[in-house]
Each structure stands twice: as C-alpha cells, then as structure tokens.
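Okay, structure first, notes after.
All values below were derived from every heavy atom in this structure, side-chain atoms included, with hydrogens, water molecules and symmetry-related copies excluded.
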Number of protein chains: 2
Amino acid sequence: MTKANRGDLFDPQCPTRRLLDRIGTKWTSMAVKVLAEAAPDEVRFAELRRRMPGISQKMLSVTLQSLARDGLVARRVEPTVPPRVHYRLTELGLSLEGPLAALRHWAERHMSEIDRNNRLEDARSSAG
Amino acid sequence: MTKANRGDLFDPQCPTRRLLDRIGTKWTSMAVKVLAEAAPDEVRFAELRRRMPGISQKMLSVTLQSLARDGLVARRVEPTVPPRVHYRLTELGLSLEGPLAALRHWAERHMSEIDRNNRLEDARSSAG
DNA sequence: CCGTATCCGTAGGGATACTG
DNA sequence: CAGTATCCCTACGGATACGG
C-alpha cells in the first residue's frame, strides 16, 4: 500500500470517503444486500424492484448502473422481446458483503441506543 | 431482535439505512477515525480541526454535535477564558470503530480496482 | 419489460462574518 | 478558542412521462 493510500481519510481521494460516497447513497447498500441474499443466482430488474419496496424505477436503474460501472454488479441482457435483464454480484461485490454485514450487525445491535441517546437530549433541551 | 428490526433494509426506519445516513455524511467517518486514533485521550476542537484538513469550523461543529447527540462522542468543557472543549469517543463510539475499520480496510484494498473498472467503462463508451 | 429524460423540492455542506 | 448565523450552490433523489 502506498503512503498516499495508507490512511489519509483527509485526502479528497481517500478510498474510504469515496467508498462511503457510494454505499452511502440511499439504495446502494440495500441493493447489495438483496443481491447478496440471492447470490450466486441472478435477479431480474422487476424482481429487484419488488424486493426493494419504495424504490422508483429511475433510482433502481441509476443504482444498478453505478454498481455495474464500479464492477460490483454484473449485468446480463436476454435479447428477447421484451428484454429480460439479470443482475448478480461479482466477486468484488461479494467481497464487500462481509464488511457491510458487520456494519448491519452493529446497526441492529446499537441503533436503539442511539435513538435513546437522542431522546435524552431532546428531553434535556425542552426541560431547559 | 424483533421482526421489525430483523433485516428490513426496506423499512425507512431500517437501522442500517439510518446508520449509513449518519456515517455517510462527509466528515463523520473521518472524525470517528481521528478520535479513535487518539483514544482513550481527548482531543480539543482546534486540534481536531488541524487533523481534518479541509473541514470548516461550521462543519466540524455540526459533525461533533451530531455525534455527541447520538452518544458516540463525549464533550467536556473547561470553563476557562477562552474555553477549551475536549472530545473523545464513548464506549459506543469505540464499538463502531471495528466495523468502520473493516470498511476502511476493504476500501484500501479494493477502491483501485473500482477505479480501474470505471476507466474501462469510460474507454468502452468513448470508443464504442 | 427495462430503461431514459425532464422537472423540481429539499438537504448537505462551503464561505463568510459575527458572538461569548 | 469555540460556536452560531446567514447566504448560496449543488447533488440526491422523487414524480412523471416518454422511448426501444
């Protein structure tokens, strides 16, 4: 690992910051999770949409394009009419699942405590 | 763990989505890292600012307030003139370092491959 | 069926100047 | 020194309509 890459979270090119810019977008972590659950099988566009309630057609398309561009997701088109498009995680995408799962685990265990802390602060500020 | 909390990344209240909304903001992961490196010692506001090049006074303040509100960071004011304010990670904050470090590690190992994939796509679109 | 284009509201976050 | 207030710009992302 080079010095420039080592740990400079300060560098705008910092890999961690740039990774978070990706998985921090609203639907990305969800898409990775759904595809990871299906892996190694592919999932069709419409099926993904059903498994991600609330997502718009546009945002699913944008999210998948971004993931495909990054090489985290592979896209396969069946040249039928109408076309069927299938998605699956690549090896790279699958390798991200571990760290993401760790984060999910932490969230599931600790977000309620964060909520409680926020409620305590609310009470404090309104009480004076 | 309740069913509602189980794994519904779909729920707008999904803990993972909400965690990412926090650590995904521009300076939060950086602040946690800097504080984690200093732990268990405290770090003063101005010192944090020096260790986070590029951050504005406003954003450092906002970021620390948010972390303090969540109970990830503890704030201690020395009532001197001028005041000195010290910050450190709480136990909760420290517990987040593990998952975050895993993500950083992945980023350091794999972001270059993501960059390469993007360059390949660029070449493809301009050539094709 | 799968995307793309357009329009637009909102929130993140930078620059700057001001208080205790 | 630490924090707040204001202004403003931009990008995310929702709704909707259209195209292959």
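Counting only heavy atoms from C-beta outward, the side chains of A:Leu35 and A:Leu48 approach each other to under 4.5 Å. Between A:Thr63 and A:Thr25, every side-chain heavy-atom pair lies at or beyond the 4.5 Å cut-off. Proximity of A:Arg104 to A:Glu97: side-chain heavy atoms (C-beta onward) are separated by under 4.5 Å at one or more points. Counting heavy atoms from C-beta outward, A:Leu72 and A:Val32 have side chains that stay 4.5 Å or more apart. For the pair A:Trp106/B:Leu92, a side-chain contact is recorded, criterion being any heavy-atom separation below 4.5 Å from C-beta on. Taking the side chain as every heavy atom from C-beta outward, B:Asp70 and B:Gln65 never approach each other to under 4.5 Å.
The salt bridge (Lys or Arg N to Asp or Glu O under 4.0 Å) check on A:Arg88 picks up nothing, with sequence neighbours excluded.
The phosphate of D:dC12 (OP1 or OP2) has no side-chain N or O of A:Thr25 nearer than 4.0 angstrom. Checking the phosphate oxygens (OP1, OP2) of D:dA17, no side-chain nitrogen or oxygen of A:Gln57 falls inside 4.0 Å. A close approach under 4.0 Å does occur between a side-chain nitrogen or oxygen of A:Arg75 and OP1 or OP2 of C:dG3. OP1 or OP2 of D:dG3 lies within a sub-4.0 Å distance of a side-chain N or O belonging to B:Tyr87. Between A:Arg44 and C:dC1 there is no side-chain N or O to OP1 or OP2 distance below 4.0 Å. Between A:Lys58 and the phosphate of C:dC2, there is no side-chain N or O to OP1/OP2 separation shorter than 4.0 Å. Side-chain N/O atoms of B:Ser61 include one lying less than 4.0 angstrom from OP1 or OP2 on D:dT4.
Atom C1' of nucleotide C:dA15 and atom CG of B:Leu60 are separated by 16 Å, given to the nearest angstrom. Atom CZ of B:Arg69 is separated from atom C1' of D:dG3 by 17 Å (rounded to the nearest Å). To the nearest angstrom, P of D:dC12 lies 11 Å from CZ of A:Arg22. In this structure, CG of A:Leu48 is placed 14 Å from C1' of C:dG3, rounded to the nearest angstrom. Between A:Arg84 atom CZ and C:dG3 atom P there is a gap of 14 Å when expressed in whole angstrom units. One atom, CE of A:Met52, and another, C1' of D:dG13, lie 13 Å apart when rounded to the nearest Å. For the pair B:Arg17 CZ and D:dG13 C1', the computed distance is 12 Å after rounding to whole Å. When rounded to the nearest whole Å, the span between CE of B:Met59 and P of D:dC9 equals 18 Å.
Between B:Leu64 and A:Pro83, the residue anchored nearer the 5' end of DNA chain D, judged by the nucleotide with its closest heavy atom, is B:Leu64. Closest-nucleotide positions on DNA chain C for A:Pro82 and A:Gln65 were compared, and the one nearer the 5' end corresponds to A:Pro82.
Looking at the side chain of B:Ala46, the nearest of the listed nucleotides D:dG14, C:dC2, D:dA2 is D:dA2.
One end of the helix from C:dC1-D:dG20 to C:dG20-D:dC1 points its axis 40° away from the other end's axis, with each axis taken from 5 pairs and the angle rounded to 10°.
Remark: B:Asp115 engages A:Arg18 in a salt bridge, criterion side-chain N to carboxylate O under 4.0 Å.
No contact: B:Arg49 has no heavy atom under 4.0 Å from any strand.
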